[in-house]
Structure formats: structure tokens, C-alpha cells
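Worksheet for the structure shown next.
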Amino acid sequence: MTVRTRFAPSPTGYLHVGGARTALFCYLEARRHGGQFILRVEDTDRERSTDAAVQAILDGMAWLGLSHDEGPFFQTQRFDRYRQVAEEMVAAGLAYRCYCSKEELEAMRSDQEARGLKPRYNGYWRDRKDAPPPGVKSVIRFKNPAHGEVVVDDRVRGRVIFDNAELDDLVIWRSDDSPTYNFGVVVDDADMRISDVIRGDDHLNNTPRQINIYRALGHTPPRFAHLPMILGPDGAKLSKRHGAVSVLAYRDEGFLPHALLNYLVRLGWSHGDQEIFSMAEMTALFSTDDVNQSASRFDVEKLRWLNQHYLKTLDPATIASEFTWHLQQQGIDPSQGPASEDVIVALRERVHTLKEMAERARVWFEPLTHYDAAAVAKHLTAAAAAPLAAAKAALDAAPWTVAGIHAALESAAATLGIGLGKVAQPLRVAMTGTQVSPSIDHTVYLAGKREALTRIDAALDRIGGS
RNA sequence: GCUCCCUUCGUCUAGCGGUCAGGACGUGGCCCUCUCAAGGCUAAAACACGAGUUCGAUUCUCGUAGGGAGCGCCA
């Protein structure tokens, strides 16, 4: 049987990291087995679904590179199909019309809760042959089996058994003429021949109801795998309160899509002690058998470490375009300064995100106007004049490469009989106005020869003028 | 309240009856060093609790406690 998985978000908000991990696992499972990954938008709730959210989800998936083989399908475009199935079920006696008002259901619930029972529909219209009350719009309810149990052989939870007595007759068709979630998924998963349903474990309790519907419809249920939740750093449900939850927010914060993917794949899944996975490794190694059962917390620090790992190890050319995007986000014109690849090489061991990198890169793309007072006080002193002058002379004659600059500065220091640090620190302040920057050779190199010499003169002027 | 799920260092996890309970992030220390980093070495740090099964439980079973999910004409 070919493996077919689907990611089925409801477009009521952005693609968040929990959804992204579910999508990733579905994607990997399909790829691993040479099957298909299907994207389906569950927008039956017209009140809360928005086009903007649909677009945000599509954008998020695209940014992550989780490409689907079929879809996106939209449930709102399949209403005729759901209606047809629902009507057939009524005709076949598998479902029935219920005329209870919301007030009646409300009363039923509060009464049951008062008696310490689980609130459930009591089946009032299940076998009633009365004429329906006039003027009341009906819903259609599924005739859930009253007895017996439903066994879910979940691929990550193991065998979970539910008693049918705990389940009630759920609504499958609303009075406003639209299908409900638990009905739509079953019809779709059956029609789309989904072999493996991989989703968050908040759906585990829905599974027995869905299995009963599959059976009623004469279908064999798919295999299920319920993933543990991803919680916030404090162990509470992940929400905006925890900072970024939207996948695109991570892009804006300067994370590489693969770093996020690598981070997410290790939340709930592992392959021995391995932490770093290429997409090829993920697809080759992923298995629901290795998914664990306990919820995990989202730890940005580890994500940052992974992001830096990829910044350091990827070919600079492959991240150059994302980097220049971040420069532009910060109002920096990438065309006016050093080559992006050179900047990346100089900064990638010093930052964790592309956003930080862009912030730190500004000094080489714009004129130097601000000098940190403490840096000036400490390093642009009379004692720095000679080293700076020597550096200037040496640089003027040096081939403009990182190695050439390095050699020139070393010999300038040697000639003066001082350590490189005595030259580098004043020079660093001259180049950047601060005491912190990449190694001095890179720092000078990125400024460009003309600008580097100009900045030395400016520093010399400051020393002379003070 | 009822049903279901979960429980190894602060965090992510390995473990699938006998291990000095391993790795990673983070944290501390040392080394390296032109600043900051990166890197190397190193340290501290965990089996929620109680019964049972067993020669032997982190591992299997059952309780307890704690956490989570569901109980909608939301998905």
C-alpha cells in the first residue's frame, strides 16, 4: 500500500511551530516511503477562517520547503460531497436528524454536569419517529454504536481502548448546512485514500468517533500516529505569550528554514544521539516508531545553537540571498558595501541569527558616524597614534586580501616592537567605533581600502584634537 | 466531574531487566586568543513517589501525585 499522508490545518491563524512539526513528520513519512504528501485546508468554519490565514500557512510551508504532492484542497469546495454522504447515511439509518434546540442541549449538559456525569447528547431523536417540530432547523447526528469498544492501535501511543458508552451521537451536519470537522476529516481521508493520519495528540480523543464513522461508511480506517504536544518554555500551552509561535516570525527573526526543521524534528523524535540532520538524512531515517510519547518544551536557545551551526557550515553563497533580505529589512543597501559572502564569513561565528548578522554588518555599509565613548577613551589615546600611523602605512602598501592585511598589520606591530593587540584594538575602534568586531584583518578588509584609510585618518584626527 | 494520554539532568533526549544511566543545548572552570566569538578540554546536573513481578528494576504491572488533552452545530 502506498503511503499517503496529509497535513490538514484550519486557517484560523498562522502556521505555528507545532503545526509545522506535524507537517514535517507527515512530509517525512510520505517521502521516506516514496508516497504522497497532501495538503488540505480545513476551512469548514466560515466564521473563523480567513484568506489571510490560508496565505500565511501556504507561505510558511513554502518557506520551510515542505512541498506537497497534491492539493491544496479546500473543504469549502467539497460541501456537495459531504452533503451527499451525510444524506446517504441518513437514508441508510446510520445517522438521523435531531431537532433539539441549543437551549435544550445547554440544559441537558448542565444537568449532567450537576450530576457529575460527562456531558453528552442523550440520543433523544435517535429512534424517535415523531413528526419534527415545525420551524426548527435540524442537524444530522451520527448513530454511534451504543455498546462495545473501539481499539485504536496508535503507532506512537500503542493500543488505546475506548468504550463506546463514553461516546455520544456527534453532529456531522450543522443546521447552517455545513459539515463538522469530525465528519469532514473522515470523508476526506477516505476519499483521498490517506494511509497514515499523523496529527497532534489533542486529536486522540476524537479518533474512536472517527473510526466508528469509517466503519459505518464501510471503510477501513487509516493508521494513526498521535504526536505529543509542543509546549512553551514554562510548560504551558504554546501561545503568543511565549514570543514567536508563527513560523514566519522565525524567518523574520533571522532563522534558516533548515535550522528550524532540524530543531523541530528532534522534538519528539530521535535517532540515537544524533542532533544534526540534513533533509536527506531525515527522510532516510524518520520513523514513527522512534517518536516518543511525552510533550516537549520549545527551547529557543537550542534553536539558536542549531541556527548558528548552519550559518557556520553552509556555503555562504547559499545563504547570501536570505542575508541580503535581512539587510534590506533593516534599511541597509546591500549594493553599496562589501560582498555578502565576505560579511557572512566574518560574522557567522559571532551571531546566532541572520538578523543579528545584518545588524552587526551595518558598520561596513554606511559611513562611520558614531564612536562609543568608552572605546575612544580607552583606545584612541596618544599612545595609539604611532600604531595607527604604522598600520595605515602598512595597509596602504598591502594587497587587499584578508591574508595580506593580516601580514601587513603583523609586520607593522613587529616593527614597533609591540604585540598585535596594541595595533588591533585602536584600529578596531577606528574601523567600527567600538571595541568589539570580527578579527581585525576581516574588520579592515570589509571596510574596503579607501574607507579603511579614511577611518584611520578620522581616528588620528580625534587623537590629535583631544 | 468523567474519559484518554504523559512523567530520565534546568531543557531536548538515549536507554528497550544487570550500564560508572550516554549524548546535545544551556551553565561553571581551564586552554587558545587582537576584542567578541568560535574551537578544545573539563565540571556540576536526572530515572516523580509507593507497592508488586523478578535473583535483579530507569526498564514490566498496579496504585498515588503532578502535568496535558478531550467532553461544541471549533478544528
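We name chains A, B, ... by the order of the sequence lines, and we start the count at 1 in each one.
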Task: Pairwise C1' distance, B/rU27 and B/rU35 [rounded to whole Å] - done: 23 Å
TODO: Please work out whether the ring planes of A/His271 and A/Trp269 are parallel, tilted or perpendicular, with thresholds of 30° and 60°.
DONE: parallel
Task: Earlier contact from the 5' end, RNA chain B, for A/Ser178 and A/Lys422 - done: A/Lys422
Open item on the list: Once hydrogens and angles are ignored, does a donor-acceptor distance under 3.5 Å link the base of B/rC73 to the side chain of A/Ser175?
Closed with: yes
Task: Partner nucleotide of B/rG63 by Watson-Crick or wobble geometry (both distances under 3.5 Å) - done: B/rC49
TODO: Please indicate whether A/Arg159 has more than 12 foreign heavy atoms, meaning atoms of other residues, nucleotides or ligands, lying under 6.0 Å from its CZ.
DONE: no
- [ ] Would you indicate what A/Val171 reaches in the nucleic acid, counting non-hydrogen atoms under 4.0 angstrom: base, sugar-phosphate, or nothing?
- [x] sugar-phosphate
- [ ] Provide, to the nearest angstrom, the distance between the CD1 atom belonging to A/Ile172 and the P atom belonging to B/rG72.
- [x] 16 Å
TODO: Take atom CG of A/Leu227 and atom C1' of B/rC12, then tell me their distance rounded to the nearest Å.
DONE: 15 Å
Task: Phosphate OP1/OP2 of B/rG72 contacted by A/Lys102 side-chain N/O (<4.0 Å) - done: no
Open item on the list: Considering every strand and a 4.0 Å limit on heavy-atom distances, what is the contact class for A/Arg297: base, sugar-phosphate, or nothing?
Closed with: sugar-phosphate
- [ ] Tell which nucleotide pairs with B/rG18, taking only Watson-Crick or G-U wobble pairs whose two distances are both under 3.5 angstrom.
- [x] B/rC55
Open item on the list: Any side-chain N or O of A/Ser270 below 4.0 angstrom from OP1/OP2 of B/rA14?
Closed with: yes
Open item on the list: I'd like the C1' distance from B/rU33 over to B/rG26, given in whole Å.
Closed with: 24 Å
Open item on the list: Whether the side chain of A/Arg120 and the base of B/rC71 hold a donor-acceptor pair under 3.5 Å is what I'd like checked.
Closed with: no
Open item on the list: What is the distance, to the nearest angstrom, from the CE atom on A/Met108 to the P atom on B/rC73?
Closed with: 10 Å
TODO: Give the nucleotide from the list B/rC12, B/rA75, B/rU35 with an atom nearest to the side chain of A/Ser296.
DONE: B/rC12
- [ ] Output all residues satisfying salt bridge (charged side-chain N to carboxylate O under 4.0 Å, His left out) with A/Lys378, sequence neighbours left out; order by chain, then residue number.
- [x] none
Open item on the list: Closer than 4.0 angstrom, basic N to acidic O: yes or no for A/Glu356 and A/Arg350?
Closed with: no
TODO: Could you tell me the separation between the NE2 atom of A/His271 and the P atom of B/rC16, rounded to a whole number of Å?
DONE: 15 Å
Open item on the list: Closest approach to the side chain of A/Val436, judged atom by atom: which nucleotide of B/rG70, B/rU13, B/rC36 is it?
Closed with: B/rC36
Task: Letter per nucleotide, 5' to 3', of nucleotides 4-9 of chain B [B base touched, S only sugar-phosphate touched, - untouched; heavy atoms, 4.0 Å] - done: SSSS--
Task: Nearest-Å distance once atom P is located in both B/rA51 and B/rA57 - done: 12 Å
Open item on the list: Tell me whether A/Arg462 forms a cation-pi arrangement with A/Tyr371, defined as NZ or CZ under 6.0 Å from the six-membered ring centre and within 45 degrees of its axis.
Closed with: yes
Open item on the list: Say we look at B/rC9 and B/rG22: how far apart would their P atoms be, to the nearest angstrom?
Closed with: 14 Å
- [ ] Between A/Ser10 and A/Met229, just flag the one whose closest nucleotide in RNA chain B comes earlier from the 5' side.
- [x] A/Met229
Open item on the list: Over all strands shown, is A/Lys312 touching base, sugar-phosphate only, or nothing at heavy-atom distances under 4.0 angstrom?
Closed with: sugar-phosphate
- [ ] Ignoring the backbone of A/Ile440, work out which of B/rC34, B/rA75, B/rG1 is nearest its side chain.
- [x] B/rC34
- [ ] Tell me what A/Pro228 touches on the nucleic acid: a base, only sugar-phosphate, or nothing, going by heavy atoms under 4.0 Å.
- [x] nothing
Open item on the list: Pair A/Glu166, A/Arg209 - check salt bridge (charged side-chain N to carboxylate O under 4.0 Å, His left out), show working.
Closed with: CA-CA 10 Å; A/Glu166 291 294 331; A/Arg209 303 170 182 284; over 6 Å; no
- [ ] Grab the CG-P distance between A/Asp154 and B/rA69 for me, whole Å please.
- [x] 18 Å
Open item on the list: Taking CG in A/Asp51 as the centre, count heavy atoms belonging to other residues, nucleotides or ligands within less than 6.0 Å. Is the count above 12?
Closed with: no
TODO: Check the surroundings of atom NZ in A/Lys143: do more than 12 heavy atoms from other residues, nucleotides or ligands lie under 6.0 Å from it?
DONE: yes
TODO: Have a look at A/His203 and say if it touches a base, only the backbone sugar-phosphate, or nothing, with a 4.0 Å heavy-atom cut-off.
DONE: base
Task: Ion pair check, A/Arg266 and A/Asp299, cut-off under 4.0 Å - done: no
Task: Ion pair check, A/Arg83 and A/Glu87, cut-off under 4.0 Å - done: no
TODO: Look at all strands and tell whether A/Thr443 reaches a base, only sugar-phosphate, or nothing, counting heavy atoms closer than 4.0 Å.
DONE: nothing
Task: Base-pairing assignment for B/rA43 (Watson-Crick or G-U wobble, both under 3.5 Å) - done: B/rU27
TODO: Looking only at side-chain atoms of A/Ser439, point me to the closest of B/rC36, B/rC34, B/rA75.
DONE: B/rC34
Open item on the list: I'd like to check the side chain to side chain contact (heavy atoms under 4.5 Å, CB included) partners of A/Ile418; sequence neighbours left out, ordered by chain and number.
Closed with: A/Pro387, A/Ala413, A/Leu416, A/Lys422, A/Val423
Task: Any residue meeting side chain to side chain contact (heavy atoms under 4.5 Å, CB included) with A/Tyr14, in chain and number order, not counting sequence neighbours - done: A/Ala56, A/Ser246
Task: Pair assignment for B/rC2, Watson-Crick or G-U wobble, requiring both distances under 3.5 Å - done: B/rG70
Open item on the list: Between A/Arg109 and B/rG72, is there a contact of a side-chain N or O with OP1 or OP2 at under 4.0 Å?
Closed with: yes
Task: Atom-to-atom span, CZ of A/Arg21 to C1' of B/rC12 - whole angstrom - done: 12 Å
Task: Pairing partner of B/rA38 (Watson-Crick or G-U wobble, both distances under 3.5 Å) - done: none
TODO: With C1' as the reference atom in both, quote the distance from B/rC62 to B/rC25 in angstrom, rounded to an integer.
DONE: 37 Å
- [ ] Please identify each residue that fulfils side chain to side chain contact (heavy atoms under 4.5 Å, CB included) with A/Thr415, with sequence neighbours left out.
- [x] none
Open item on the list: Which nucleotide, if any, forms a Watson-Crick or G-U wobble pair with B/rA75, using both distances under 3.5 Å?
Closed with: none
- [ ] Classify the nucleic acid contact of A/Gly419 as base, sugar-phosphate or nothing, counting any heavy atom under 4.0 Å across all strands shown.
- [x] nothing
TODO: If a protein heavy atom is under 4.0 Å from the base, mark B; if only from the sugar-phosphate, S; if neither, -; do that for nucleotides 18-29 of chain B going 5' to 3'.
DONE: ----BBSS----
Open item on the list: Once hydrogens and angles are ignored, does a donor-acceptor distance under 3.5 Å link the base of B/rA75 to the side chain of A/Asn206?
Closed with: yes
Open item on the list: Rounding to an integer number of angstrom, what distance separates B/rA24 and B/rC32 when you compare their P atoms?
Closed with: 23 Å
Task: For atom CG of A/Asn164 and atom P of B/rC71, their distance in whole Å - done: 17 Å
TODO: Would you indicate what A/Gln274 reaches in the nucleic acid, counting non-hydrogen atoms under 4.0 angstrom: base, sugar-phosphate, or nothing?
DONE: nothing
Open item on the list: Tell me the interatomic distance from A/Met431, atom CE, to B/rC34, atom P, rounded to whole angstroms.
Closed with: 19 Å
Open item on the list: When the C1' atoms of B/rG23 and B/rC60 are compared, how many Å lie between them, rounded to an integer?
Closed with: 26 Å
Task: Any A/Thr434 side-chain nitrogen or oxygen under 4.0 Å from OP1 or OP2 of B/rU35 - done: no
Open item on the list: In whole Å, measure the gap between the P atoms of B/rA48 and B/rA21 for me.
Closed with: 15 Å
Open item on the list: Do A/Arg40 and A/Phe74 form a cation-pi contact, if we require the NZ or CZ to be under 6.0 Å from the six-membered ring centre and within 45 degrees of the ring's axis?
Closed with: no
